[in-house]
Amino acid sequence: MIKFISKEILEDYRNKTCFLRVDLNFSPNEDHLRIESIIPTIKLLLDFNIKIIIGSHRGRFDKETPSLEPFVEIISSKVKEKVFFSDNYEIPDNTEEKIVLLENLRQEKQEEENNKEFAKKLADLADFYINDAFAVSHRENASIAQITRFLPSFGGLCLEKEVQNLSKALNNPRSPFTLILGGAKTADKIRVIKNLWSKLDHVLLGGGPANTFLLERGVDIGNSLAQRDARGLIETFAFTEKVKVPVDFKKEEDHIFDIGEETIKKYSEIISQSKMIIWNGPMGKFEDKKFREGTEKILEALIKNKEAEIIIGGGETISSLNQELSNNIFLSTGGGSMLEFLSGKELPGLKALNK
Ligand code: ADP
Ligand code: MG
């Protein structure tokens, strides 16, 4: 069982120091859901006068790892506390700030190598550890999967909400249960269909997953985005009633870029009758205005359904949302991690807490 933080637990750590792993893997210029999601845990820790060492990554070591320094101002203004920035993962003895933000952990190669010594070095900064970074908990990284060897370890408030909501969908979904998948990472999404298959009533497809199934059904998709080597993965359910593919499209040359009017109608009807819905991945190439309608209309249909429990996740899916949502809708901060969780895999970050 993962122990999640509570007032009783934190009472034992009053005036102590916590290493808090969060996910700041986004541009500081965007008003991202993930920043809001880490604030409740920070505020709760401050209530117990706990010193907080915040660690996060951004980007990948072998590609680009921008500095986290711009987040100092953002976190500071949200929690009304001064934040000290450490660019070398060390904290001078005379540091007065209650919150310290460490430089991007992936600027050290050892973070992604899941290196024990690096994990130990981070652990030595604190008395206990909290993972509040669901979005990166599918990664075997030092500050996620290794650090828990060295410190009493707990799940944070954001992580708790993620695990609760997604477990419900996984183990005990209400029926009719509808899964909506779009976007790009088709192979990962197919694993979710497979794992949830027996519990699902409808699978509504858009984007790459739709094109992949259309291809399997013998439809000419031209040069559209699809997983062309997915045959073995989908043949068992490609032709079933449960899986709905678009009946019309918006195209440009030989590319399918969005679902069409008829499909929107059909999908919206199913959404209105569902009691549990998971949505991951946009219905089309929504960054382009011409191909945004499918994604927008599906979101409208979801918002209209106040009876269903709804989970929406995925980086791009979330960034396409810009309105207030009612409280039957849970926004998951996870992209890849949400898909892996729903595929039935045990995430390394959760496994590490489960001891
Ligand atoms: P998420 O981040 O929500 O999980 P993905 O990363 O899997 O979603 O994919 C999102 C991307 O998929 C978007 O950039 C979008 O433009 C693209 N996309 C969706 N449908 C299509 C399509 N039919 N053709 C090309 N790109 C598409
Ligand atoms: Mg994405």
Side-chain angles (χ1 to χ4, degrees), residues 23 25-27 30 32-34 37 57-60 63 134-139 162 166 169 179-193 203-217 219-228 230 233 244-261 263-264 267 277-299 302 310-322 325 329-343 347:
D23 187 313
N25 188 22
F26 51 88
S27 159
E30 57 179 312
H32 204 285
L33 166 77
R34 283 182 193 163
S37 73
H57 74 285
R58 210 185 142 203
R60 308 203 81 146
K63 294 198 178 118
F134 179 74
V136 64
S137 289
H138 59 316
R139 299 291 181 210
E162 294 280 358
L166 294 175
L179 175 65
I180 311 168
L181 295 173
K185 299 170 221 110
T186 299
D188 295 343
K189 292 175 188 183
I190 289 170
R191 278 185 214 106
V192 177
I193 304 179
V203 181
L204 312 180
L205 299 179
N211 296 339
T212 304
F213 276 75
L214 286 165
L215 186 69
E216 183 75 18
R217 291 185 186 190
V219 176
D220 179 11
I221 61 162
N223 273 314
S224 303
L225 175 75
Q227 180 96 22
R228 283 160 205 279
L233 279 173
K244 273 81 175 170
V245 291
V247 292
D248 58 346
F249 319 100
K250 286 215 178 107
K251 291 173 80 167
E252 200 168 77
E253 288 164 11
D254 62 347
H255 288 268
I256 298 171
F257 279 136
D258 198 5
I259 59 175
E261 302 277 321
T263 309
I264 291 174
Y267 285 8
I277 306 168
I278 300 177
W279 179 29
N280 183 299
M283 291 292 102
K285 196 181 163 204
F286 75 96
E287 295 91 340
D288 183 338
K289 240 189 177 155
K290 285 180 292 189
F291 306 112
R292 191 174 296 166
E293 202 186 348
T295 301
E296 269 177 2
K297 288 279 160 67
I298 291 304
L299 177 61
L302 286 168
I310 299 172
I311 299 175
I312 303 178
E316 271 82 21
T317 313
I318 294 281
S319 73
S320 72
L321 304 177
N322 45 19
L325 301 172
I329 300 182
F330 174 69
L331 285 188
S332 173
T333 55
S337 62
M338 169 178 167
L339 294 175
E340 286 203 16
F341 192 95
L342 293 173
S343 303
L347 309 189

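Just so it is clear, the model here is predicted, and its values are computed rather than measured. What you see below is based on every heavy atom in this structure, not just the backbone, and it leaves out hydrogens, waters and symmetry mates. Numbering of ligands and ligand atoms starts at 1, following listing order.
Remark: K285 is positioned above the aromatic ring of F257, its terminal NZ or CZ atom under 6.0 angstrom from the ring centre and at most 45 degrees off the axis.
Residue-level proximity to ligand 1 for K189 is carried by the side chain, the only part with a heavy atom below 4.0 angstrom. Residue-level proximity to ligand 1 for L339 is absent, since no heavy atom of it falls below 4.0 angstrom.
Going from atom CD1 of I311 over to atom CG of L302 covers 12.0 Å, rounded to the nearest 0.5 Å.
For ligand 1 and L225, the ligand atoms under 4.0 Å from any heavy atom of the residue are 21 (C), 24 (N), 25 (C), 26 (N), 27 (C). Atoms of ligand 1 lying under 4.0 Å from any heavy atom of N280, numbered from 1 in the order shown and given with element: 4 (O). Here is the list of ligand 1 atoms found below 4.0 Å of a heavy atom in I256: 22 (C), 23 (N), 24 (N). Every atom of ligand 1 is numbered from 1 in the order shown, and the set under 4.0 Å from a heavy atom of A184 is 5 (P), 7 (O), 9 (O), 12 (O).
Checked by distance only, ligand 1 and M283 stay at 3.5 Å or farther apart across all their nitrogen or oxygen atoms. At a 3.5 angstrom cut-off on N or O pairs, K185 counts as close to ligand 1.
F330 meets the ring-ring contact (aromatic ring centres under 6.0 Å, His included) test with no other residue; sequence neighbours excluded. K250 pairs by the salt bridge (Lys or Arg N to Asp or Glu O under 4.0 Å) definition with E293, not counting sequence neighbours.
Between F134 and F341, the angle of the ring planes goes over 60°, which puts this pair in the perpendicular group of the 30/60° scheme.
Between I259 and Y267 there is a side-chain heavy-atom pair separated by less than 4.5 Å.
Residue contacts with ligand 1: G335 is excluded, as none of its non-hydrogen atoms falls under 4.0 Å. For S224, the closest heavy-atom approach to ligand 1 does not fall below 4.0 Å.
A187 and Q227 make their closest contact through N-OE1, 3.5 Å (heavy atoms, listed as atom of the first residue, atom of the second, distance).
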